Amino acid sequence: PANHRQNRMKTPRSLISRLLLLAALVWPAWAFAQAAPNLPPATAYSEKGADTCLECHDDETATYSGSALFKGKHAHRRDARAPFGPGGLQCESCHGPGARHSAKGSNKKATINSLKADSDRPVAERNGQCLNCHQNSSRTAWHAGAHDANKLACTDCHKMHVEKDAVLAKATEADVCYRCHKTQRADFQKTSAHPVRQGRMACSDCHNAHGNPGSGGLVKATLNQTCFSCHADKRGPQLWEHAPVVENCANCHTAHGSVRNALLTKSPSLLCQQCHTAAGHPSVARNGQALPGNGGTGAVFVVAGSCTNC
């Protein structure tokens with residue numbers, strides 16, 4: 001009888017333990033099902049467009065302005081090509097459908113194309129939003145350019161939610177390029193350089209950042225054609241052509257900056273003697289014996305302008 005009573009006491013305790021274990025397994029799933037919101041489809045657009053977005057995205061910072069967008073071309077109400085033009089999807093033209101993103105309880109980052117560097121969307125998808133509209137003659141070679149090959153996003157250079165996009169202004173464009181092109185920043189600080197530092201030239205005067213079939217992402221097919229856009233007097237034809245000029249301006253000049261006059265790659269006469277040897281010309285090698293003074297026997301004409309004296 002004692003054993004019988006003991007078995008009767010164990011049975012309820014074992015049953016209760018099993019019921020508690022079952023409840024522990026079922027409760028989280030039931031609670032999640034009760035708490036999960038009824039979200040719109042991922043392809044659904046918001047009902048109020050930009051008004052829905054501005055309920056949250058109305059802040060003003062150094063890199064984002066909720067109101068600045070409305071001062072630019074994207075918000076032109078009469079331009080059918082603009083996101084805010086007739087029939088446009090406003091913010092969702094660029095960021096994609098936003099109904100689920102704006103719904104309470106949704107995963108905000110995963111439900112919208114933020115176009116930011118920390119987005120979970122690949123660069124090609126982010127750039128695709130821009131290229132849907134911006135794929136005209138100056139951008140047809142984007143996929144052949146160095147920037148696309150290095151997976152650079154449009155928004156790495158361009159900022160839409162600011163009053164003025166820095167990369168579109170000649171005075172501030174170079175600072176945007178210098179974020180990656182640090183060697184060129186140093187070159188433009190040298191004594192002989194194109195007037196980019198003074199704001200009189202911009203990188204885009206010579207380079208097409210959106211790609212070019214030619215080398216160096218230049219605005220023209222060749223380096224010489226690019227240089228002749230400004231230095232038309234060097235184009236010729238000349239009665240006595242200097243072969244290196246016809247071949248490539250970079251044979252003698254560096255484009256971004258030099259410590260020598262006229263952006264030369266080397267000092268005369270050392271530069272000239274890369275082609276014109278002393279053996280075939282009444283000149284001497286540029287060394288200690290050739291320079292005047294301090295025991296040297298050379299003429300004064302090999303210094304200063306050197307070969308260009310004549």
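Each residue takes its place number in the sequence, starting with 1. For clarity, every value in this text was computed on a predicted model and none was experimentally measured. These numbers come from the heavy atoms of this one structure, side chains and all, not from hydrogens, waters or symmetry mates.
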What donor-acceptor contacts under 3.5 angstrom involve side-chain atoms of residues 150-157, with partners at least two apart or in another chain?
residue	atom	partner	partner atom	Å
Asn150	ND2	Ala146	O	2.7
Thr155	OG1	Leu115	O	2.6
Asp156	OD2	Ala153	N	2.9

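A heavy-atom distance below 4.5 Å is not found between the side chains of Lys164 and Val162. Under the 4.5 Å side-chain criterion, counting only non-hydrogen atoms from C-beta, Phe228 is not in contact with Lys220. Side-chain contact between Leu223 and Leu218: present, with at least one pair of heavy atoms (C-beta onward) separated by less than 4.5 Å. Thr265 has its side chain out of reach of Ser258: every pair of non-hydrogen atoms, C-beta onward, lies at least 4.5 Å apart. Considering only heavy atoms from C-beta on, His161 stays 4.5 Å or farther from Ser65 through its side chain. Tyr45 has its side chain within reach of Leu89: a pair of non-hydrogen atoms, C-beta onward, lies under 4.5 Å apart. A heavy-atom distance below 4.5 Å is found between the side chains of His101 and Lys108.
Both Leu69 and Leu54 are assigned to one and the same hydrophobic cluster, defined by single-linkage of ILVMFWY side chains at heavy-atom distances under 4.5 Å.
Between the CD atom in Gln184 and the CD atom in Gln189 there is a gap of 12.5 Å [rounded to 0.5 Å]. Separation of atoms OG1 (Thr226) and NE2 (His231) is listed at 11.0 Å; rounding is to 0.5 Å. For the atom pair SG of Cys249 and CG of Asn251, the computed distance is 8.5 Å after rounding to the nearest 0.5 Å. For the atom pair CD (Glu92) and OG1 (Thr52), the distance works out to 7.0 Å, reported to the nearest 0.5 Å. Considering CZ of Arg185 and CG of Asp175, their distance stands at 6.0 Å, rounded to 0.5 Å. Of the inter-residue distances, the one linking Ser93 atom OG with Arg81 atom CZ reads 14.0 Å to the nearest 0.5 angstrom.
In terms of modelled atom types and a separation under 3.5 Å, the side chain of Ser229 and the main chain of Gln225 share a donor-acceptor contact. For Thr172 (side chain) and Ala166 (main-chain N/O), a donor-acceptor pair under 3.5 Å exists by modelled atom type. Listed for the Asn132 side chain is a donor-acceptor partner under 3.5 Å among the backbone atoms of Gly128. A distance-only check finds a donor-acceptor pair linking the side chain of Glu241 to the backbone of Gln238 [under 3.5 Å]. Ser192 places a side-chain N or O within 3.5 Å of a backbone atom of Leu263 that can act as its donor or acceptor partner. A side-chain donor-acceptor contact under 3.5 Å links Asn224 to the backbone of Val245. Checked by atom type and distance alone, the side chain of Glu173 pairs as donor or acceptor with a backbone atom of Cys203 at under 3.5 Å. Under the 3.5 Å distance criterion, the side-chain polar atoms of Asp165 are left unmatched by any main-chain donor or acceptor of Leu168. No donor-acceptor pair closer than 3.5 Å links the side chain of Asn127 to the backbone N or O of Ala124. Formation of a donor-acceptor pair under 3.5 Å by the His147 side chain with backbone atoms of Trp142 is not found in this model.
The neighbour count for Arg200 CZ, taken as heavy atoms of other residues, nucleotides or ligands under 6.0 Å away, does not exceed 12. Residue-environment remark: CD (Glu60) exceeds the threshold of 12 foreign heavy atoms within 6.0 Å. For NZ of Lys266, the number of neighbouring non-hydrogen atoms (other residues, nucleotides, ligands) closer than 6.0 Å is 12 at most. Heavy atoms of other residues, nucleotides or ligands lying less than 6.0 angstrom from NZ of Lys190 number more than 12. Heavy atoms of other residues, nucleotides or ligands lying less than 6.0 angstrom from CG of Asn248 number more than 12.
Every residue was checked against the salt bridge (Lys or Arg N to Asp or Glu O under 4.0 Å) condition with Arg100, not counting sequence neighbours, and none meets it. With sequence neighbours excluded, no residue satisfies ring-ring contact (aromatic ring centres under 6.0 Å, His included) with His253.
Across all their heavy atoms, Pro97 and Ala44 have their closest contact at CB-O, 3.3 Å. Of all heavy-atom pairs between Gln274 and Leu270, the closest is NE2-O, 2.8 Å. Lys116 and Arg126 get closest at one heavy-atom pair: O-NH1, 3.0 Å. Shortest non-hydrogen contact noted between Gln129 and Asn113 is CG-ND2, 3.4 Å. The two residues Glu163 and Ala68 come nearest to each other via the heavy atoms N-CB, 3.4 Å. The two residues Leu264 and Thr254 make their nearest non-hydrogen contact at O-CG2, 4.5 Å.
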Start with the C-alpha distance between Met201 and Lys170, add both sets of side-chain angles, then the distance that settles side-chain contact (heavy atoms from CB on, under 4.5 Å), and finish with yes or no. CA-CA 7 Å; Met201 276 187 70; Lys170 182 170 289 190; 5.7 Å; no
Test log, rule ring-ring contact (aromatic ring centres under 6.0 Å, His included), inputs Phe188 and His256: CA-CA 6 Å; Phe188 280 116; His256 297 122; 5.5 Å; yes
Pair Tyr64, Asp59 - check side-chain contact (heavy atoms from CB on, under 4.5 Å), show working. CA-CA 7 Å; Tyr64 174 87; Asp59 47 321; 3.3 Å; yes
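Ring pair His74/Phe84: centre-to-centre distance not below 6.0 Å.
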